[in-house]
Amino acid sequence: MSDLEAYRARAATWLESMVPAFGKAARKGLSEADDLALARRYQAAKFEAGYAGINWPVEYGGQGLGHLEKVTFDSEEMKHGFPNAYFGISLGMPVPILMQFGEDKAFVKERVLKALRGEEIWCQLFSEPAGGSDLAGLRTKAEPDGNGWKINGQKVWTSWAQYSDYGVIVVRTDPNVPKHKGLTYFWVDMKAPGVTVRPIRLAGGDSHVNEVFFDDVKVDDDHRMSPVGGGFAVAMATLMIERYVATDSGGFGPHLDLFVALAWDINLNGKPAIDDGRIRQQIARNYAMRNGLNSITARAMAMMQAGMVPGPEGSLNKLVSVRSRQKLSELAIDLQGNNGFAFDDHASQKEDWTSSWINAPTGRIAGGADEMLLNTIAEKILGLPQDHRPDKGVPFNQIPA
């Protein structure tokens with residue numbers, strides 16, 4: 001048995017032991033508040049067992065292991081329906097960025113440890129009503145205020161902001177320069193006076209995203225995580241992590257094995273659907289696609305561990321995985337006939353094809369809309385010329401609203 005196989009066996013054994021207390025059956029019927037409380041206890045148990053921050057530095061409470069161990073654990077964990085979604089954004093982007101760009105190392109370590117234990121949650125405050133995919137077009141502003149700054153504006157589509165203790169935010173500090181150059185990156189206390197969070201109910205029934213308002217919210221200058229006017233580079237570093245971390249090759253939909261099981265159970269023209277060549281072709285295409293995307297992610301993680309910056313290939317992962325999930329979910333619904341129309345707004349989109357299908361459009365917007373990713377692929381991977389951009393080089397306050 002290889003070291004990785006031994007690691008998988010130990011992780012699987014530990015996860016099995018957690019199922020009675022924290023698995024899918026234990027969560028059934030819980031209110032969101034009770035489910036979050038259960039999630040915090042599960043995250044604390046992961047930390048104590050050495051399964052939180054698997055590939056994070058030891059000095060910040062991580063295990064110092066590699067990407068393969070992280071992926072191995074995640075693949076075993078997702079089998080059981082544990083309540084880990086609340087920490088996905090927090091541990092996926094804001095906290096790693098805090099480790100990279102936070103200057104007060106004692107403060108950073110305290111925040112990282114509390115996040116790994118599930119005691120604190122972070123959110124990412126990027127998108128705005130007038131500037132979703134165009135991050136550099138944001139209008140939330142920060143103005144000098146004594147020894148610090150005063151923030152005013154609105155963010156939207158902010159996941160888990162209603163439960164967050166802190167957030168990372170990009171704001172405009174200079175409207176007199178081109179839009180990419182007048183941004184600054186801060187961390188902000190989500191409980192500070194002037195911060196208002198309002199959940200948004202999505203088509204699938206849940207309300208994990210929010211609009212967030214900032215009314216004269218004061219932050220000290222030590223909250224700043226970039227040079228003044230240099231926030232876009234840190235924002236791009238955050239999004240680069242998001243392209244790889246905040247996704248999986250199945251687009252956060254059901255595992256391919258569930259489609260295979262469905263194809264065995266459903267009859268098509270008097271035979272199991274699995275016998276139909278068109279169905280087998282879709283299974284083969286999805287299997288090949290998911291393995292290809294996993295290889296892109298593994299390569300990017302290896303580059304980051306070696307101190308290198310991964311390329312724009314992560315845009316392929318996000319674009320292809322969620323699109324294919326939507327198409328496969330639609331096919332699964334079609335195979336079920338009238339039964340495919342039954343909808344349970346409490347069903348998991350990783351286990352239920354109807355829930356997966358109705359929630360897929362949200363996934364195609366979050367973390368960069370399809371159109372933005374297609375532009376990135378065209379320009380950064382294929383080397384095609386940029387679209388005409390009439391606002392390029394124009395001071396932000398001279399761009400028509």
Side-chain angles (χ1 to χ4, degrees), residues 89-90 93-104 107-108 110-111 115 120-200 209-239 242 366-367 395-399 401:
I89 298 294
S90 179
M93 283 82 73
V95 177
I97 284 294
L98 182 69
M99 287 191 288
Q100 185 175 352
F101 293 98
E103 294 188 357
D104 185 343
F107 173 83
V108 170
E110 181 180 0
R111 300 280 73 74
E120 293 179 352
I121 298 175
W122 287 65
C123 62
Q124 181 174 307
L125 299 145
F126 279 19
S127 294
E128 298 188 3
S133 294
D134 181 17
L135 176 61
L138 63 85
R139 298 180 179 277
T140 297
K141 63 182 180 180
E143 299 172 304
D145 182 61
N147 294 325
W149 302 81
K150 182 171 60 179
I151 298 176
N152 282 281
Q154 180 186 358
K155 299 291 182 175
V156 74
W157 308 122
T158 307
S159 297
W160 305 119
Q162 70 270 48
Y163 300 129
S164 292
D165 302 280
Y166 301 97
V168 291
I169 186 171
V170 190
V171 294
R172 188 164 302 282
T173 49
D174 188 353
N176 301 300
V177 297
K179 63 181 185 179
H180 292 81
K181 297 183 178 180
L183 306 177
T184 305
Y185 198 109
F186 294 88
W187 66 265
V188 61
D189 184 347
M190 293 297 291
K191 310 300 183 186
V195 178
T196 303
V197 178
R198 296 178 184 170
I200 299 170
V209 298
N210 304 267
E211 51 184 352
V212 184
F213 299 87
F214 294 86
D215 297 297
D216 289 338
V217 177
K218 295 183 178 182
V219 296
D220 293 334
D221 192 56
D222 60 8
H223 288 41
R224 184 164 50 83
M225 296 170 65
S226 75
V228 175
F232 191 73
V234 182
M236 288 299 99
T238 310
L239 293 177
E242 182 176 34
F396 182 76
N397 57 9
Q398 296 180 23
I399 299 172

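Source: prediction; values computed, not measured.
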Verdict with supporting geometry, Q100 and V234, side chain to side chain contact (heavy atoms under 4.5 Å, CB included): CA-CA 10 Å; Q100 185 175 352; V234 182; over 6 Å; no
So which atom in [X] and which in [Y] form the shortest heavy-atom distance, rounded to 0.1 Å?
X    : Y    : result
I89  : P94  : O-CD, 2.8 Å
A115 : V95  : CB-CG2, 3.9 Å
A136 : R172 : O-NH2, 2.5 Å
V188 : V217 : CG2-CG1, 4.3 Å
S159 : N210 : C-ND2, 4.4 Å
N176 : N397 : OD1-ND2, 2.7 Å

Rounded to the nearest 0.5 Å, what's the gap from [atom1] on [X] to [atom2] on [Y]? Could you check?
X    : Y    : atom1 : atom2 : value
F232 : L138 : CZ    : CG    : 9.5 Å
T140 : K155 : OG1   : NZ    : 4.5 Å
T184 : W149 : OG1   : CH2   : 5.5 Å
M190 : I121 : CE    : CD1   : 11.5 Å
H223 : F107 : NE2   : CZ    : 7.0 Å
Q124 : I169 : CD    : CD1   : 11.0 Å

Could you go through F396 and D174, starting from their C-alpha distance and side-chain angles, then the distance that decides it, and tell me whether this counts as side chain to side chain contact (heavy atoms under 4.5 Å, CB included)? CA-CA 8 Å; F396 182 76; D174 188 353; over 6 Å; no
Pair R139 + E128: basic N to acidic O under 4.0 Å: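 No salt bridge links R139 with E128.
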Any idea how Y166 and W187 line up, ring-wise: parallel (<30°), tilted (30 to 60°), or perpendicular (>60°)?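 If you compare the ring of Y166 with that of W187, the planes turn out perpendicular.
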Non-hydrogen side-chain atoms of [X] and [Y] separated by less than 4.5 Å:
X    : Y    : value
L135 : M236 : yes
D221 : N147 : no
V219 : I151 : yes

Side chain to side chain contact (heavy atoms under 4.5 Å, CB included), that's the test. Do D145 and D216 meet it? Break it down for me. CA-CA 10 Å; D145 182 61; D216 289 338; over 6 Å; no
Hey, is the main chain of V228 close enough, under 3.5 Å, to the side chain of T173 for a donor-acceptor pair?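 No.
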Would D222 and D104 satisfy side chain to side chain contact (heavy atoms under 4.5 Å, CB included), going step by step from the backbone distance to the final call? CA-CA 8 Å; D222 60 8; D104 185 343; over 6 Å; no
